[in-house]
Each structure stands twice: as structure tokens, then as C-alpha cells.
**Q** 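This is the structure I want to talk about, given as C-alpha cells.
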Number of protein chains: 2
Amino acid sequence: MTEAAADLTRNQALVYGALEKTGTPMSAYTILDELRDDGFRAPLQVYRALDKLVEQGLVHRLESLNAFVACRHASCHRGGFIAFAICDTCGQVSEFSDDALSRRLSGWAGKHSFKPSKTTIEIRGLCAGCSNA
Amino acid sequence: MTEAAADLTRNQALVYGALEKTGTPMSAYTILDELRDDGFRAPLQVYRALDKLVEQGLVHRLESLNAFVACRHASCHRGGFIAFAICDTCGQVSEFSDDALSRRLSGWAGKHSFKPSKTTIEIRGLCAGCSNA
DNA sequence: ATCTATATGTTATAGCGTAACAAATCTGAT
DNA sequence: ATCAGATTTGTTACGCTATAACATATAGAT
């Protein structure tokens, strides 16, 4: 577990740990099963921890998967929208942010007086490794 | 109903009609309730119709809402990724596509040998009208 | 000590989506 | 016309995702 996981509650730390250990997206229910031995009994225990972790930016929710993934570089994405490339074969997630992309979306929002609160950018497909295999 | 809805089966036409009439996103179950009087009984009847409509580009799935919306301009978005701005207050959806945006995402994919199959771009927030009110 | 805010535990339930199988309908070829 | 194959439809049952509501416990401040 990285130092990013400081000052988390027990449940939050367990959920974050499970996500980090796996490395690929996990559903809340998969996390729950993973943590039964640590005393987890109910989905809500997972969802509550996830809410906080997402709030803090330690975990991202992938809308197109209904799943969650540990953030790879919590400090790198200040300000810009984050995009995800998700391999449908191996589950690997690449996280990136692109200034031009962010400016483009902000630009549209500005021009239309739209006030963004949360933005989702997800590319599903095949990663380099999996499209060769 | 617009001319776009030609050569649809009865169920597809009913589902498309419900979405078009409402104008804002609807969940599959809301559509189901809307169509009970037309003989719909089960979710699958809705989901099957939605699958085909999405395939044909007449309807879009909004991942961040688990909902569906009738496409506003089926012919306008050839080639580029489509982005959605979704107002969390009134539910209004603005659909747009932006060449620079598309190039940016394609560029990232090319550089990383990632083969995109489906892309989701959704901005949640407040539309001009609702942020004034 | 007690108050307040936050975190946790637990049960039940709501909402989203599909598997599996049966029946009907539509198509085109002979 | 009718037959075979493909597509569409109907229906039941089930699994996965997420939250409401309420009870309990824990931590920090005064």
C-alpha cells in the first residue's frame, strides 16, 4: 500500500488495499467478497468506503463498467479532466489527462454556459498487448 | 415520430417513440412502464429494442445515468466521437462532437496502440437555464 | 462527562440487466 | 404455396448494482 493511503479509516484502507493489490477494476461486490475475511458483511460497507476514496481522488469510478479502480497517480491530474482507456480483454486501465482535451471540453461548456460538475471520458477497446495476441 | 424511425419493428418503434416523446433520458424500466398499455410486460422487451436502436445510432446509452436518450441528429456525427452534456437538474442532454476532441483521443490511442471500440464522453453539470434559476 | 460529528453494522429493498427456453413471425428459395 | 432458416417476440426466473432506514459505536472538543 502506498503512502497515499494515510489517514484512512480501517474500512477505507481495506477497500483501497484490495483495489491496489488487484490493479484492475473491481465491482463493489467483488471487493466485498475479497474482504469477507476481514469482517465485511454488507455492500454498504464497501460503498461507503468507496464514496470517500473517490472523493479524495484515490479511487476512480469507471461508469461504463460499474466498477472502481485505484488511482495510479493521484497528484498528476490536477485541474484537467481525466480520461481512461480500458482494455476489454485484460482489464488493464490506462489513465491519462490531456490539456488540449480539457480545454476543448471546458471551451464547449463555457460557450454554452454549462457548469460541469463531473466528467467521464472512457475509451473501451483493446490494449497493445491484447490486440496482438 | 421522425422519418429516421422507418423500418423498425413494432417494439423498436414503440421504444423509440417513448424516448423521442420524452426528450430527456429514460431508464429501461421507465420505458417499460410507459409501454405497459401497449402490451409490454418484461424488461427484456425494452432492452432488446434498445440494443437494436443503439446499434443503428437512433438512441444513445448514457453510461453515467444507466439510461437512454433518443439521438438528436443521427446524421451529424459520422466519424467523430460523440460527447454529451447532461444537466443534473432538468435532465436536458446536449449532444456534440468536436473534431479536435476526436483527434486528441484518436491520437492517444494511436500512440499507445490501443484499439478503441466504444468511447464515452459525458459531462454532468448544470445547463445555462438551471444554473441561473 | 457529555455533546457532536463521523464511522460502522445490519436488514431490507429498489433499480438495472441478462440467461434460458418457447412461441410466433418474417424471409427467401424452391 | 410451402418449407427451412433466421429474426423477433413473449415469459419466467435470476443475478448484479446501489441505496434507504435505523441502530450502534467511536473519536475529538469543551
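Residue numbers begin at 1 in each chain, while the letters A, B, ... track the order of the sequences.
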**Q** Between D:dG10 atom C1' and B:D38 atom CG, what is the distance in whole Å?
**A**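 Rounded to the whole Å, the gap is 15 Å.
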**Q** What closest approach, in Å, do B:P43 and B:Y29 show between heavy atoms, and which atom pair accounts for it?
**A**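 So the two residues come closest at CG-OH, 3.4 Å.
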**Q** If hydrophobic clusters are built by linking Ile, Leu, Val, Met, Phe, Trp and Tyr wherever their side-chain heavy atoms come under 4.5 Å apart, do B:L44 and B:F40 end up in the same one?
**A** no
**Q** Return the minimal non-hydrogen interatomic distance between A:L62 and A:I86, and the atom names on each side.
**A**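 Nearest heavy atoms, A:L62 then A:I86: CD1-CD1, 4.1 Å.
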**Q** D:dT8 C1' sits how many Å from B:K52 NZ, rounded?
**A**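 Result: 9 Å.
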**Q** Collect all protein-nucleotide pairs involving nucleotides 20-26 of chain D in which both atoms are nitrogen or oxygen and the distance is under 3.5 Å.
**A**
none

**Q** Going hydrophobic residue to hydrophobic residue with side-chain gaps under 4.5 angstrom, can you get from B:M26 over to B:L35?
**A**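 In one cluster with B:M26: B:L35, yes.
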**Q** Could you work out how much the helix from C:dA1-D:dT30 to C:dT30-D:dA1 bends, comparing the axis of its first five pairs with that of its last five, to 10°?
**A**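 The two end axes of the helix from C:dA1-D:dT30 to C:dT30-D:dA1 meet at 30°.
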**Q** If you compare every side-chain N and O of A:Q45 against the phosphate oxygens of C:dT8 (OP1, OP2), does one of them come in below 4.0 Å?
**A** no
**Q** Can A:K118 and B:E122 be counted as an ion pair, charged N to O under 4.0 angstrom?
**A**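 Result for this pair is no, no salt bridge flagged.
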**Q** Hydrophobic cluster membership, with links at side-chain heavy-atom distances under 4.5 Å among I/L/V/M/F/W/Y: are A:L126 and B:L105 in one?
**A**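 In one cluster with A:L126: B:L105, no.
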**Q** Once you round it to whole Å, what is the distance between P of D:dC16 and CG of A:D33?
**A** 9 Å
**Q** Has B:T9 got a side-chain N or O lying under 4.0 Å from the OP1 or OP2 atom of D:dT7?
**A**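 So the side-chain polar atoms of B:T9 never come under 4.0 Å of the phosphate oxygens OP1 or OP2 of D:dT7.
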**Q** Rounded to the nearest Å, what distance is computed from the OH atom of residue A:Y47 to the C1' atom of nucleotide C:dC16?
**A**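 Between C1' of C:dC16 and OH of A:Y47: 11 Å.
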**Q** In whole Å, what is the span from the CG atom of A:N66 to the C1' atom of D:dA18?
**A**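 Going from A:N66 (CG) to D:dA18 (C1'), I get 9 Å.
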**Q** How many whole angstroms separate atom CG of B:L50 from atom P of D:dT8?
**A** 14 Å
**Q** Does A:H60 form a ring-ring contact (aromatic ring centres under 6.0 Å, His included) with A:F84? I'd like the steps, not just the answer.
**A** CA-CA 10 Å; A:H60 301 295; A:F84 301 90; 5.1 Å; yes
**Q** Rounded to the nearest Å, what distance is computed from the CZ atom of residue B:F68 to the C1' atom of nucleotide C:dG15?
**A**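 My rounded result for the distance is 13 Å.
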**Q** Measure the shortest side-chain to side-chain distance between A:T119 and A:I82 over non-hydrogen atoms and say whether it is less than 4.5 angstrom.
**A**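 Result no, sub-4.5 Å side-chain heavy-atom pair not found.
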**Q** Does the ring of A:Y29 lie flat against the base of D:dC16, closer than 5.5 Å centre to centre with planes under 30°?
**A** no
**Q** Compare side-chain N and O positions of A:R61 against OP1 and OP2 of D:dA18 and report whether any pair is under 4.0 Å apart.
**A** yes
**Q** Salt bridge check: are A:E63 and A:R61 linked by an N-O gap of less than 4.0 Å?
**A**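 A salt bridge is present here (some side-chain N lies under 4.0 Å from a carboxylate O).
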**Q** Using the closest heavy atom to pick a nucleotide of DNA chain D for each, name whichever of A:T30 or B:Q12 lands nearer the 5' end.
**A**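 Upstream on the strand: B:Q12.
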**Q** Base, sugar-phosphate alone, or nothing: which one does A:A28 contact when heavy atoms must sit under 4.0 Å apart?
**A** nothing
**Q** Find the distance B:D7:CG to D:dT7:P and express it as a whole number of Å.
**A** 15 Å
**Q** If the cut-off is 4.0 Å, is A:S27 near the phosphate of D:dT17, judged by side-chain N/O to OP1 or OP2?
**A**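 Indeed, a polar side-chain atom of A:S27 lies that close.
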**Q** Salt bridge check: are A:D51 and A:R48 linked by an N-O gap of less than 4.0 Å?
**A**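 A salt bridge is absent here (no side-chain N lies under 4.0 Å from a carboxylate O).
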